[in-house]
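See below for the structure under consideration.
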Amino acid sequence: MTDEESDAAIAKFGCDCPKAINALRQTRGITIGVEGEYLPPTEKITPCTDKNTQSDSQSITFQ
């Protein structure tokens, strides 16, 4: 996944999890998923509704 894909998925779906990235890729006509899997163009991928971003999961708070 690229930073551009992450930003675009957040803008479009509110999340940049692998499912949202794959949904974005599918809308762009890309048939290779985040983990190298085949994304058939005839099966619509529904992005998640968790609204999580990679930056959320990577943030660390030090006290």
Side-chain angles (χ1 to χ4, degrees):
M1 151 173 65
T2 66
D3 288 340
E4 185 278 327
E5 285 179 318
S6 175
D7 294 342
I10 292 168
K12 187 167 186 133
F13 304 119
C15 183
D16 68 349
C17 69
K19 193 170 182 182
I21 297 294
N22 285 345
L24 175 73
R25 287 181 178 187
Q26 191 177 53
T27 65
R28 294 177 169 183
I30 299 170
T31 58
I32 304 299
V34 172
E35 297 175 350
E37 71 277 24
Y38 175 67
L39 303 175
T42 56
E43 293 178 30
K44 185 176 183 220
I45 298 171
T46 306
C48 75
T49 57
D50 292 340
K51 306 298 184 207
N52 293 323
T53 63
Q54 293 297 320
S55 59
D56 291 341
S57 63
Q58 293 175 358
S59 62
I60 300 172
T61 304
F62 295 99
Q63 295 182 4

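Because the structure is predicted, anything quoted here is derived from the model rather than measured. Any value given below was found using the heavy atoms of this structure, including those in side chains, with hydrogens, waters and symmetry copies removed.
- Annotation: the span from D3 atom CG to D16 atom CG amounts to 9.5 Å, rounded to 0.5 Å.
- Note: T27 OG1 to F13 CZ = 5.5 Å, rounded to the nearest 0.5 Å.
- Interatomic distance, L39 CG to I21 CD1, rounded to the nearest 0.5 Å: 11.5 Å.
- Residue pairs satisfying the side chain to side chain donor-acceptor pair (under 3.5 Å) criterion with at least one member in residues 35-45, sequence neighbours excluded, are listed as follows: N22-E37.
- Within the 3.5 Å criterion, the main-chain N or O of P40 finds a donor-acceptor partner in the side chain of Q26.
- In terms of heavy atoms, M1 sits closest to S6 at SD-CB, 4.2 Å.
- Minimum heavy-atom separation, A20 to C15: CB-O, 3.4 Å.
- Checking each of L24, V34, I10 against E5 for a side-chain contact (heavy atoms from CB on, under 4.5 Å) leaves exactly one that passes, namely L24.
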